[in-house]
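The structure displayed is predicted, hence computed values, not measured ones.
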Amino acid sequence: MTPLIAGLGTTELLIIFGVIILLFGAAKLPELARGSGRALRIFKAETKGLMDDDEDDTTTSRPKPIERPTDVEPVEKPSTESDGARRSDPL
């Protein structure tokens, strides 16, 4: 007994294959199979990339705190006339 593919027997598969050859022609079948294979590979790569992006988003839900260097002294902002502070310069 031959194995069934999607519930189809040998004669049904031969009829379907014959109709495909009539529609596309024997010369176009390898080209059609090659294009289908490429499309399937691209689709698999894109879905894998999306799944990887989703996994990355769940693992990095909290941003890392900014580390400040400890050996740098803080710089004071110079005061200006516009911020209300007046400087007294010695003469």
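Note that the CG atom of Leu29 and the CG atom of Leu23 stand 10.0 Å from one another [nearest 0.5 Å]. Remark: Asp52 CG to Thr47 OG1 distance equals 9.5 Å, nearest 0.5 Å. Taken from CG in Leu8 to CD1 in Ile16, the straight-line distance is 5.0 Å, to the nearest 0.5 Å.
Formation of a donor-acceptor pair under 3.5 Å by the Glu31 side chain with backbone atoms of Lys28 is not found in this model.
Counting only heavy atoms from C-beta outward, the side chains of Lys48 and Met51 never approach each other to under 4.5 Å.
Note: the hydrophobic cluster containing Leu32 also contains Val19 (ILVMFWY, side chain heavy atoms under 4.5 Å, direct or indirect links). Under the 4.5 Å side-chain heavy-atom criterion for grouping Ile, Leu, Val, Met, Phe, Trp and Tyr, Leu13 is connected to Phe24 within one hydrophobic cluster.
Looking at every heavy atom in both residues, Ala27 comes nearest to Pro30 through O-CD, 3.5 Å.
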